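All of these numbers come straight from a predicted model, not from anything done at the bench.
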Amino acid sequence: MSAIEFDKPSLLQRIVPLFRGFDFLLLLFIAMLAGAGLLAMYSAGFDHGTRFVDHGRNMLIAAGLLFVLAQISPQQLMKVAVPLYTLGVVLLVAVALFGITKKGATRWVNVGVVIQPSELLKIATPLMLAWWFQRREGNLRASDFVIAFVLLMVPVGLIMKQPDLGTSLLVMAAGLSVIFFAGLPWKLIVPPVLLALVGIFLIVWFEPQLCADGVSWYFLHDYQRTRVCTLLDPTRDPLGKGFHIIQGMIAIGSGGVWGKGFMAGTQTHLEFIPERTTDFIFAAYSEEFGLIGNLFIIVGFLLLVWRGLAISMNANSLFGRLMAAAVAMIFFTYAFVNMGMVSGILPVVGVPLPFISYGGTAMVTLGLALGVLMSVSRAQRQLPGGDGHIPHA
């Protein structure tokens, strides 16, 4: 009796199921922004060695991480929430005790390789909070929100101590979005918002006195106080602290409606824009592609955030809903803060523009975040009634 022979599946037949249930609308919006990022980096980084090639490589690494995490179900991701958060906090404590200091900030630690643990907390913190609220689903009390705030403020406080205002802001925004979408009562939201608005009003009103030489703000480091004061009046130090903001606004304004054209930005290529491939690349992009180019990027981010919130609304678990919403708000915060600081409406806090700014660590973090979002989307789309392929029983 001859052995039964089975047809060996082709490589294509083995690969296709890995993409089954992928949210291709989400991938389209990512591709839009990635294309704009490569275009901007080619021009802004033209005389910065291999930055364009490295930027493309970083995007491929992020795409690989997205693909890998998309294969993992939200239930499996829940299992790593606590150990990942714990590891991140332990590493932050290690940074505080024996971290590596560069340019006045202690943000790195050597664990065989030099790493920046605060980047890990951008994903670990919302994961931890989503895990916590999933455990408390159906039995939420005010004390649960208090515990959630403590879980959030531990890493935020450690990151601010480094000091790293930009990263602490991003971690806080991601964590607060989880807490908000978990059902935080409005009566707990309105008072701090009103307090913040009053604080902003007082700072603007008493700016000459608060920003005078020798005045100290006890709740902020001196360099953070300087950033706020420079925002209110960049001409206070036009060749020093205010130089970034002034040159960024000049570049954005000189781009006009249509821009000066690809590779034709004078502020960019005459090196008036500081950090033109990283934090201030939006100014370089604006100069060359103008208002029309800016609208393309803004619409791209709005579509990405919209898609993330849509995935959140359709998620089949509280954990998935909270994580998808957190990822959407991470991208909103990144884009809003970066564009705001470059255009002079927010303090300069060192937040990159997703897909556009150069930076390997930030790109890896974004790839992980998008992988989580794709995982939540696939889990929903592969259920009966979803819009993805349903495997046969």
Can you tell me which residue pairs pass the ring pair (Phe, Tyr, Trp, His ring centres under 6.0 Å) test with a partner in residues 282-316, sequence neighbours excluded? Tyr285-Phe289

Common cluster, Met249/Val257, ILVMFWY with side-chain heavy-atom separation under 4.5 Å: no

Trp132 (side chain) donor-acceptor with Asp144 (main chain) under 3.5 angstrom: yes

Does some side-chain heavy atom of Arg276 sit less than 4.5 Å from a side-chain heavy atom of Ile281? no

Check whether Tyr85 reaches the backbone of Leu129 with its side chain - one donor and one acceptor, N or O, closer than 3.5 Å. no

With a 4.5 Å cut-off on side-chain heavy atoms, are Pro354 and Leu33 touching? no

Please answer whether the main-chain N or O of Ile311 pairs with a side-chain N or O of Asn314 as donor and acceptor at a distance below 3.5 Å. no

Does a side-chain heavy-atom distance below 4.5 Å link Met41 with Ile356? no

When you measure from the side chain of Thr125 to the backbone N and O of Leu152, does any donor-acceptor pair fall under 3.5 Å? no

Is it true that Thr167 and Lys122 share a donor-acceptor pair across their side chains at a distance under 3.5 Å? no

Ion pair Arg378/Asp23, N-O distance below 4.0 Å: no

Would you say Arg57 has more than 12 foreign heavy atoms packed within less than 6.0 Å of its CZ? yes

Excluding Leu295, membership of its hydrophobic cluster (Ile, Leu, Val, Met, Phe, Trp, Tyr; side-chain heavy atoms within less than 4.5 Å) reads Leu291

From Phe180, Phe145, Phe319, Phe181, residue fulfilling ring-ring contact (aromatic ring centres under 6.0 Å, His included) relative to Phe133: Phe145

Check: Ser377 side chain, Leu373 main-chain N or O, donor-acceptor pair, under 3.5 Å: no

Heavy-atom nearest pair, Met363 first then Asn58, reads CG-O, 3.4 Å

State, yes or no, whether a side-chain contact exists between Pro126 and Leu322 at a heavy-atom distance under 4.5 Å. no

CD1/Ile297 to CG/Leu302 distance, rounded to the nearest 0.5 angstrom? 12.0 Å

Please confirm whether the backbone N or O of Thr101 pairs with a side-chain atom of Arg107, one donor and one acceptor, at under 3.5 Å? no

Okay, side chain of Ser343, backbone of Met339: is any donor-acceptor separation there less than 3.5 Å? yes

Tell me the closest heavy-atom pair linking Ile245 and Pro234, and the distance in Å. CG2-CG, 4.0 Å

Test: side chain to side chain donor-acceptor pair (under 3.5 Å). Region: residues 26-45. Which pairs qualify, not counting sequence neighbours? Ser43-His269, Ser43-Glu288

Taking atom CG of Leu309 and atom CE of Met329, what is their separation to the nearest 0.5 Å? 7.0 Å

Has the side chain of Ser177 got a donor or acceptor atom that lies under 3.5 Å from a matching backbone atom of Ala174? yes

When rounded to the nearest 0.5 angstrom, what distance separates CD in Gln380 from OG in Ser312? 11.0 Å

If you compare all heavy atoms of Ala251 against all heavy atoms of Ala283, which two are closest, and at what distance to 0.1 Å? CB-O, 3.7 Å

State whether a side-chain donor-acceptor pair under 3.5 Å links Glu119 with Thr361. no

Within the 4.5 Å heavy-atom criterion, are Met341 and Pro347 side-chain neighbours or not? no

Within the 4.5 Å heavy-atom criterion, are Val154 and Leu92 side-chain neighbours or not? no

Please determine whether side chain to side chain contact (heavy atoms under 4.5 Å, CB included) holds for the pair Leu69 and Met374, giving the CA-CA distance in whole Å, both sets of side-chain angles, and the decisive distance to 0.1 Å. CA-CA 8 Å; Leu69 261 72; Met374 187 65 76; over 6 Å; no

Following the transitive rule for hydrophobic clusters with a side-chain heavy-atom cut-off under 4.5 Å over Ile, Leu, Val, Met, Phe, Trp and Tyr, establish whether Val372 and Val82 coincide in one cluster. yes

Could you walk me through whether Gln162 and Ser168 pass the side chain to side chain donor-acceptor pair (under 3.5 Å) test, one step at a time? CA-CA 10 Å; Gln162 294 179 353; Ser168 64; over 6 Å; no

N/O donor-acceptor pair under 3.5 Å between Gln247 side chain and Pro274 backbone: no

Would you call Asp54-Arg51 a salt bridge at under 4.0 Å N-O? no

Kindly say whether Lys102 contributes a backbone atom to a donor-acceptor pair with the side chain of Thr106 at under 3.5 angstrom? no

Looking at CD1 of Ile252 and CG of Asn294, how far apart are the two atoms once the value is rounded to the nearest 0.5 Å? 7.0 Å

Point-to-point distance, once rounded to the nearest 0.5 Å, from OG of Ser286 to CZ of Phe280: 11.5 Å

I would like to know whether Val348 and Asp279 meet side chain to side chain contact (heavy atoms under 4.5 Å, CB included); could you show each step before the answer? CA-CA 9 Å; Val348 177; Asp279 294 346; 5.7 Å; no

Test Ile100 against Asn110 for side chain to side chain contact (heavy atoms under 4.5 Å, CB included), laying out the working first. CA-CA 8 Å; Ile100 299 171; Asn110 193 331; 4.1 Å; yes

How close do Ala182 and Leu140 get, counting heavy atoms only, and between which atoms? O-CD1, 3.5 Å

Over 60° means perpendicular and under 30° means parallel, so tell me whether Phe331 and Tyr334 are parallel, tilted or perpendicular. tilted

Are Met153 and Leu84 co-members of a hydrophobic cluster defined by side-chain heavy atoms under 4.5 Å apart? yes

Does CZ belonging to Phe336 count more than 12 external heavy atoms closer than 6.0 Å? no

Check the pair Phe355 / Ile30 against side chain to side chain contact (heavy atoms under 4.5 Å, CB included), numbers first and verdict last. CA-CA 8 Å; Phe355 306 107; Ile30 294 171; 3.9 Å; yes

Decide whether Met313 and Leu318 are clustered together by the hydrophobic rule: side chain heavy atoms of Ile, Leu, Val, Met, Phe, Trp, Tyr closer than 4.5 Å, transitively. no

Going hydrophobic residue to hydrophobic residue with side-chain gaps under 4.5 angstrom, can you get from Leu39 over to Leu28? yes

Would you name the heavy atoms of Ala324 and Val376 that are closest together and state the gap between them? CB-CG1, 4.2 Å

Do we see a donor-acceptor contact under 3.5 Å between the side chains of Glu275 and Ser357? no

Do Gln267 and Ile250 have side chains that approach each other closer than 4.5 Å (heavy atoms only, starting at C-beta)? yes

Do Gln116 and Asp164 have side-chain heavy atoms sitting under 4.5 Å apart? yes

Kindly give the heavy-atom pair with the smallest separation between Asn338 and Pro352, and that separation in Å. ND2-C, 3.6 Å

From OG1 (Thr333) to CG (Leu170), nearest 0.5 Å: 6.5 Å

